[in-house]
Amino acid sequence: MSAGRALARSFFGAGGLALAARLIVGGAFLALAVLKLRDPVGFLKTLREYDLAPAFLPHLLNYCAALLPWVEVLCGALLVLGIAVRGNALLFAALLVFFSAALVSRALDLQQDLPFCAIKFDCGCGQGVVNVCRKLAENAVLLLLSLLVLFDRAQRFCLRPRLVGARAATTGR
Amino acid sequence: MNEVKRTLLEFAVVAAVAVPLALAANALNPEGLSLGRDYFGGRDVSERTKEEVRARLAKKGIQILEHAAVLGLYNDPIYQDGAYTFIDSRSEAEYQRGHIPGAYLCDHYRVERYANEVVPVCQSSLQVVVYCEGGDCNDSELTAEDLFHFRVPPENLFVYIGGLEEWCSQGMPIERGARDSGDIAECPK
């Protein structure tokens, strides 16, 4: 038992926690993006429900719906592989903050007489109809993990952790 | 260079590489979106009450049809002879799961795929009834407008605003799979 604990402590201490965080965040974005890519029109229609695109930019929604899942696929794959780790972690953290704000705004639009945590709708996240509080909790966990990756100093088990200013690529030491 | 600057620069590099790649992937994807197309006809997302839809369609001479009138057309013997046409404006996957028996598929978002088959049929029909899922879906309205632009006479064009939801709630059957597959079934509960 204590040997298992010691092993776990040694693993997490040696960058295992950051590796796990990277795999979870990158993997989650990758998986959800693939689900969105199966039905681009459905994703476009769901995005429209958020009513975020200003009237003077009628094609902005098309660009968001077409590009966002592919950006998530690419950046998710880079994060899993450990390439440009901080840049990707920052991108996902920013996306998660934006998604969560949009989610709250849409939920408040739909609220009527319901308690906030009873609101369910298709958030366009690729998971169909979801409970808003559960989704916000998921986003919060992913955001914490993204920040953990962002502020991880060791950056171990990465193919090329830094694209900018890197003198040498770090491999799985 | 300090760590914050380096991270921001890396973020910018990642975005600068990812966006063109995403544009290329969308362009190469047969299911990709047409970036320059106005899919929603410039209408606001909130403007879809029955009255608003009715007013918008009336400007083009297109009318709304209630369930009783739709049922009348469906049960009319000349429906089987092609005098009336039902148009399902939902996605192909939804259509395959079940549509009004004999309805043609014409998804507004992929209208270019279906127009060649559907437009001549609509042009020769006495009445064309377009429907979608019902509730607050507005794909039927958008498809009716597509057909209007393809020169289907507006006086023959009708939108069944209750859609498949109302059709099913009245205990009417659906056809699964392709048009005229003969696989008639009850609506799933």
Side-chain angles (χ1 to χ4, degrees), chain A residues 33 36-53 55-79 83-95 106 109 149-151 153 160-166, chain B residues 1-48 89-94 107-113 132-133 135-139 142-143:
Chain A
K36 289 173 200 162
L37 285 171
R38 284 167 56 186
D39 183 13
V41 167
F43 182 50
L44 172 72
K45 287 201 252 183
T46 316
L47 272 193
R48 183 181 177 236
E49 298 297 317
Y50 284 89
D51 204 12
L52 293 172
F56 62 91
L57 289 172
H59 301 132
L60 179 65
L61 208 58
N62 296 354
Y63 279 88
C64 289
L67 303 190
L68 193 60
W70 287 111
V71 169
E72 289 175 355
V73 164
L74 185 75
C75 296
L78 290 179
L79 196 62
I83 300 171
V85 172
R86 285 196 177 149
N88 283 303
L90 180 61
L91 179 84
F92 284 136
L95 283 177
R106 172 115 175 89
D109 281 346
V149 175
L150 182 62
F151 292 110
R153 284 180 171 273
R160 189 182 170 88
R162 291 177 182 181
L163 281 188
V164 179
Chain B
M1 201 185 313
N2 72 33
E3 205 55 45
V4 175
K5 270 188 187 169
R6 191 180 296 165
T7 303
L8 288 173
L9 191 57
E10 193 168 85
F11 170 83
V13 169
V14 166
V17 171
V19 169
L21 283 175
L23 279 169
N26 177 67
L28 294 172
N29 180 8
E31 297 299 317
L33 297 170
S34 305
L35 298 175
R37 184 175 160 192
D38 183 1
Y39 283 101
F40 303 105
R43 65 177 56 82
D44 194 273
V45 65
S46 59
E47 295 169 349
R48 52 188 175 198
S89 60
R90 299 171 305 149
S91 69
E92 187 174 356
E94 290 168 315
D107 174 4
H108 160 73
Y109 303 91
R110 308 284 182 202
V111 69
E112 64 284 353
R113 291 184 190 170
C132 55
E133 195 62 43
D136 58 6
C137 89
N138 56 3
D139 296 344
L142 294 164
T143 302

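Proteins come first, then strands; the chains are lettered A, B, ... in the order of their sequence lines, and each starts at number 1.
Within 6.0 Å of CZ on B:R110 lie more than 12 heavy atoms contributed by other residues, nucleotides or ligands.
Under the 4.5 Å side-chain criterion, counting only non-hydrogen atoms from C-beta, A:L90 is in contact with B:L8. Inter-residue side-chain proximity for B:Y39 and A:L61 is flagged as unmet; no heavy-atom pair is nearer than 4.5 Å.
To the nearest 0.5 Å, atom CG of residue B:L9 and atom CZ of residue A:R162 are 12.5 Å apart.
If you tally non-hydrogen atom pairs under 4.5 Å between each of B:L23, B:D107, B:V13 and chain A, the highest count goes to B:L23. Most heavy-atom pairs under 4.5 Å with chain A: of the set B:S91, B:A18, B:A25, this distinction falls to B:A25. Comparing B:A12, B:G36, B:A15 by how many heavy-atom pairs each has under 4.5 Å with chain A, the most go to B:G36. Contacts with chain B were tallied for A:D39, A:D109, A:V71; A:V71 has the most, counting heavy-atom pairs under 4.5 Å.
Each side-chain hydrogen bond (donor to acceptor under 3.5 Å, both in side chains) pair with one or both residues in residues 56-68 of chain A, not counting sequence neighbours, would appear here, but there are none. For residues 66-77 of chain A, the pairs satisfying salt bridge (charged side-chain N to carboxylate O under 4.0 Å, His left out) are A:K36-A:E72, with sequence neighbours left out.
Using a 4.5 Å cut-off between heavy atoms, A:V73 does not touch chain B at all. Contact annotation for A:L150: only side-chain heavy atoms (C-beta onward) come within less than 4.5 Å of a heavy atom of chain B. Only the side chain of B:N29 comes within less than 4.5 Å of a heavy atom of chain A; its backbone N, CA, C and O stay farther away. With a 4.5 angstrom heavy-atom cutoff, B:S34 touches chain A only via backbone atoms. Residue A:L60: no heavy atom, backbone or side chain, is found under 4.5 Å from chain B. For B:L21, the part lying near chain A is the side chain, with the backbone staying farther off; criterion is any non-hydrogen pair under 4.5 Å.
A pairwise comparison of heavy atoms in B:L33 and A:A66 identifies CD1-N, 3.8 Å as the closest pair. Closest approach of A:V85 to B:E10, counting heavy atoms only: N-OE1, 3.7 Å. Counting all heavy atoms, side chain and backbone alike, B:A22 lies closest to A:W70 at CB-CB, 3.5 Å. A pairwise comparison of heavy atoms in B:V14 and A:A84 identifies CG2-CB, 3.8 Å as the closest pair.
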